[in-house]
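This report refers to the structure that appears directly beneath it.
These numbers come from the heavy atoms of this one structure, side chains and all, not from hydrogens, waters or symmetry mates.
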Amino acid sequence: MSVSPTIPHRRYPEPAAALRLIKPITWFPPMWAYLCGTVSSGVSPLSNLSLVVVGIILAGPIVCGMSQAANDWCDRHVDAINEPDRPIPSGRIPGRWGLWIALMMSVLSLAVGALLGPWGFAATVLGVLAAWAYSAEPVRLKRSGWWGPGLVGLSYETLPWITGAVVLSAGAPDWRIVVIALLYGIGAHGIMTLNDFKALEGDRQTGVASLPVTLGPDRAARLACAIMAAPQAVVVALLFLWDRPLQAGIVSVLLLAQGWAMSVMLRDPKGKAPWYNGTGVLFYISGMMVAAVALKGIV
């Protein structure tokens with residue numbers, strides 16, 4: 001006879017569980033994208049280091065952390081199937097504390113975003129709205145394997161990149177910065193699709209139409225690889241066109257390295273997707289900074 005685990009009764013959140021709720025491991029992509037934006041602006045980050053530091057903290061621990069808390073609250077029933085040891089379904093974040101944490105961090109995001117001026121505040125508003133639109137009913141774009149990963153890719157890569165460039169230069173960004181930031185945000189759709197593999201069973205049971213659910217692991221993985229690779233190929237072509245052959249060559253090599261990692265992952269998409277997100281994505285984000293450096297010399 002099996003015995004169900006007892007969920008401890010708590011009045012307040014366990015501190016370690018509260019930290020896990022906002023998932024520090026997820027903070028890096030938007031922080032890195034913001035830094036890429038500051039580099040691509042052509043203005044030395046050292047010229048206004050406080051804006052760089054505040055923006056990085058806002059993009060990572062605050063806005064991204066808030067989005068993770070909101071997602072875990074809205075996904076608590078799915079997580080009870082996929083990962084019952086997570087803070088909310090395990091009871092270590094009791095009652096409605098998950099919701100209160102997400103709401104308090106939303107307010108904190110807007111307060112800190114105001115320190116970055118009107119452009120930075122406007123970008124923060126967009127980031128907060130995107131986080132709730134992804135997770136919360138009635139919008140809940142996470143239900144779609146197309147809209148959900150697309151929104152996250154644009155929020156994690158494109159928005160912070162453009163924000164970093166705008167805040168440091170104190171004006172509208174050069175169109176080339178917007179194009180490169182948009183391409184890397186589109187490519188991140190594939191990264192997010194691979195991230196959905198870990199929730200495959202819970203998504204299937206609760207009606208979340210992620211691409212791994214609707215297409216199956218093999219087809220979803222191949223599509224994710226194509227979505228990641230195609231925008232980077234365009235980046236390479238644009239860098240050549242803008243007379244930056246060295247950076248174009250480096251991004252090409254990094255893309256080839258991703259091709260090798262993709263070939264490994266495609267042998268066992270469900271099992272190897274986490275490995276790819278820890279290996280192939282490193283080449284992806286390295287290419288982002290290479291492109292940012294190339295833009296610095298153009299704009």
Query raised in the report: So, for Ala226 and Pro231, which heavy atoms are closest and what is the spacing to 0.1 Å?
Result: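 Residues Ala226 and Pro231, closest heavy atoms: O-CD, 4.4 Å.
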
Requested in this report: Please state whether the rings of Trp146 and His189 are parallel, tilted or perpendicular, taking 30° and 60° as the class boundaries.
Outcome: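 The arrangement is tilted - the two ring planes meet at 30° to 60°.
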
Query raised in the report: Less than 4.5 Å apart, any side-chain heavy atom of Leu103 and any of Trp132?
Result: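 With C-beta onward as the side chain, the pair touches.
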
Query - Any Trp242 side-chain heavy atom under 4.5 Å of Leu295 side chain - result: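 Touching, per the 4.5 Å side-chain cut-off.
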
Query raised in the report: Can you list the residues that meet the side chain to side chain contact (heavy atoms under 4.5 Å, CB included) rule with Trp119, with sequence neighbours excluded?
Result: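 Once residues adjacent in sequence are excluded, the partners of Trp119 under the side chain to side chain contact (heavy atoms under 4.5 Å, CB included) criterion are Val166, Ala172.
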
Query raised in the report: Are Arg20 and Asp85 close enough for a salt bridge, meaning some N to O gap below 4.0 Å?
Result: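 Between Asp85 and Arg20 there is a salt bridge, with a charged N closer than 4.0 Å to a carboxylate O.
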
Requested in this report: Identify whether the distance between the nearest side-chain nitrogen and carboxylate oxygen of Asp72 and Lys23 falls below 4.0 Å.
Outcome: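 So Asp72 pairs with Lys23 through a salt bridge.
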
Report task. Could you pull out all residues at least two apart from Arg204 that satisfy salt bridge (Lys or Arg N to Asp or Glu O under 4.0 Å)? Result ->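 Testing Arg204 for salt bridge (Lys or Arg N to Asp or Glu O under 4.0 Å), a comparison that skips the adjacent residues, returns Glu201.
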
Query raised in the report: Is the count of non-hydrogen atoms from other residues, nucleotides or ligands lying under 6.0 Å from Leu241 atom CG greater than 12?
Result: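 Enclosed.
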
Query raised in the report: Is Met66 reachable from Tyr134 through a run of I, L, V, M, F, W or Y residues, each pair having side-chain heavy atoms under 4.5 Å apart?
Result: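 No; Met66 is not reachable from Tyr134 via cluster members.
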
Query raised in the report: Leu182: which other cluster members, linking ILVMFWY side chains closer than 4.5 Å, directly or transitively?
Result: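 ILVMFWY cluster around Leu182 also holds Leu154, Ile186.
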
Query raised in the report: If we ignore angles and hydrogens, is there a donor and acceptor under 3.5 Å between the side chains of Asn48 and Ser50?
Result: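 Their side chains do contain a donor-acceptor pair, which is all the 3.5 Å distance test asks for.
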
